[in-house]
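Counting begins at 1 with the first residue of the sequence. For clarity, every value in this text was computed on a predicted model and none was experimentally measured.
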Amino acid sequence: MTDAPARTLLLWCPDWPVLAAELVDGVPATGAVAVLHANRVVACSEAARAEGVRRGLRKREAQGRCPRLTVVDHDPGRDARAFEPVVAAVEELAAGVEVVRPGACALAARGPARYLGGEEAAAERIIEHVAQTCAVESQVGIADGVFAAGLAARDGRVVPPGGTPGFLAGLPVEALGRPALADLLRRLGVRTLGGFAALPAGDVLARFGFDGALAHRLAAGRDHRPLAVRRPPADLAVTADHDEPIDRVDAAAFAARALAERLHDRLAAHGLACTRLGIEAVTADGQELHRVWRHDGLLTAAAVADRVRWQLDGWLTGSAGRPGARPTRPTAGIIRLRLVPDGVLARADLQPGLWGETGEERERAHRALSRVQGLLGPEAVVTAVLGGGRSPDDQVRLVPWGDERLPARPGEQTGPARAGELAGPARPGEPIGSARPGGLAGPVRAGGAGGPGHADRSGGAGGFDRSGGPTRGGAASSGRGGAASSGRGASPPWPGRLPPPSPAVVLPAPIAATVHDAAGEPVGVSARLQLTAAPARLAVGAARPVEIVGWAGPWPVDERWWSPAEARRRARFQVCLADGAALLLAVESGQWLVEAIYD
């Protein structure tokens, strides 16, 4: 990349773990304080450094140099919590702040420099604002890129545009923050970032690896990492001020409905749903009231309005209750009402059901379907249950509405089949629940890839093996035409199942068809899965033949061959026709059949 790194302003708070311990735990940062992690010093105060305490020292050695040393355990959570007010203070003056680590945050320098009167003026203003707001001392560095700005902040320096490589050239290699690499470079005679940057990039990559190559770019001032700015949380609360104090329940109900609709619209705009609602009210004499309502599902606009109305009704009509108890009724009318979504989550996690939002609409659908069954019989309303099987028609069982949803054959579910779930009425010839629009299950190409000579004749994996007992499936490999597999891999109990996607429409009864080759001769399949010729035209029923532009297969199935009365042997093919249709064909007892249609 040839673009120069963006001008970056980085605010750094020295000895932040020590300051965080003072802000959260009350440990005086003016004394000799050391923060330890894994029995080693990771940060220390100025007073401790004056006594000889340094980062990396063991606890015993640090206490030997400074007997009055106060030891504090390292707590990243404490550091992050204490740094949040500092970041908020910076965001009051500039947008797009990235928290580099607790104690350091960065932002693009262009915006603050333009409206605060230059880069130096912006740095001074931000430092002053943080000191006044949070009582925290900080330093600011400005340079090209986050890495150089962080080093410039150590000296409170503003590096001129284009001067970053020269600024970095004189710094020691330890500034890279990679101790192992810095030690190796020093042993090789490279002691400064400028000397490291002068090495050929290809040689650095070959000698030091990818991390060394990244460090080489940083040493040369080519830091192209964009700022990962954080977005301040959206203000989702809604507030309504009233000139006339509300002291009647009917007026409160009207205000509650309008405010609830505003809250619902604001949450919907952010793709959120409310699960915990905070209701706040302020009376004319300054009394503040607050209550939180919880809900385990989706709070609709009507549900929010009801809860606000109930709460206002309880406040406005409150009584003293037990003798001697404090009255719950406010001392004056309500002049401000505020709704705070205290608990929110992505609306997709509470997606409305098939018949609308959960609750009343779902119950109405239940009653309507039960009513249809009462008029026309239990079989009038059925839902599809997916189960095991090697063919699309074997995998679906139509269950009367209200009955237990159990599959006809055991097997891994390929779609939702939970008890009580509304799946919608399903009838033969309509799309089933497992249908997914898309192309064919296996690779399809003109001329086919499963023609003569491509069938697996070993009888393995449940093919036409008659040498022993029944095999565990009915799938022989079709070479490049796509290996037979189940919907989620060739795993028991249905290894002969067609791979996804499933057909969009499964015909209630297969339709007879004929397949011819280019010379007009019928195409057949031998016992060893060899096609007599490449399929060229397909005629369904009495319709005119249509040219076949692509096909895949065969996928063989030889089910229950040990039981002559239940045996079924067939080979399946997928074909694409010139008119755009895609069909699932099966040849059984020498007869071609259309079993399903792909969307």
Side-chain angles (χ1 to χ4, degrees), residues 390-394 435 437-457 461-464 473-485 496-559 568-599:
R390 296 183 177 88
S391 298
D393 56 341
D394 296 335
L440 299 180
V444 179
R445 54 182 64 84
H454 288 280
D456 183 2
R457 305 182 184 182
F464 294 107
S477 173
S478 58
R480 294 180 358 182
S485 62
R497 172 188 260 175
L498 284 173
S502 301
V505 177
V506 179
L507 300 178
I511 302 176
T514 57
V515 178
H516 297 86
D517 59 12
E521 297 295 329
V523 177
V525 181
S526 69
R528 301 186 67 86
L529 297 178
Q530 293 183 357
L531 289 170
T532 58
R537 286 186 296 274
L538 171 69
V540 180
R544 298 180 57 184
V546 182
E547 181 183 359
I548 297 176
V549 297
W551 61 277
W555 282 275
V557 174
D558 193 12
E559 295 180 299
R568 188 181 184 188
R569 183 184 184 188
R570 65 192 187 279
R572 295 163 296 176
F573 294 81
Q574 297 167 326
V575 296
C576 282
L577 305 181
D579 58 3
L583 306 177
L584 175 63
L585 305 181
V587 56
E588 186 174 358
S589 300
Q591 176 65 54
W592 288 89
L593 302 170
V594 179
E595 288 189 338
I597 302 172
Y598 289 93
D599 191 356

For P545, side-chain contact (heavy atoms from CB on, under 4.5 Å) partners two or more places apart: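 Residues passing side-chain contact (heavy atoms from CB on, under 4.5 Å) with P545: R537, A539.
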
Among residues at least two apart in sequence or on other chains, which ones pass side-chain contact (heavy atoms from CB on, under 4.5 Å) with A518?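 Listed in chain order: A536.
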
Please name the pair of heavy atoms, one in [X] and one in [Y], separated by the smallest distance, quoted to 0.1 Å.
| X | Y | result |
| --- | --- | --- |
| L538 | A513 | CD1-CB, 3.8 Å |
| A581 | D579 | N-OD1, 3.2 Å |
| L584 | P503 | CD2-CG, 4.3 Å |
| D558 | R569 | OD1-CB, 3.5 Å |
| W551 | V575 | CB-CG1, 3.9 Å |

Between the main-chain N or O of Q574 and the side-chain N or O of W555, is there a donor-acceptor pair closer than 3.5 Å? no

I'd like to check [X] versus [Y] (side-chain heavy atoms, cut-off strictly below 4.5 Å). Are they in contact?
| X | Y | answer |
| --- | --- | --- |
| L585 | L593 | no |
| F573 | I548 | no |
| E588 | E595 | no |
| V587 | V515 | no |

Between [atom1] of [X] and [atom2] of [Y], what distance do you get to the nearest 0.5 Å?
| X | Y | atom1 | atom2 | result |
| --- | --- | --- | --- | --- |
| T532 | D517 | OG1 | CG | 7.0 Å |
| R570 | S589 | CZ | OG | 11.0 Å |
| L507 | L583 | CG | CG | 8.5 Å |

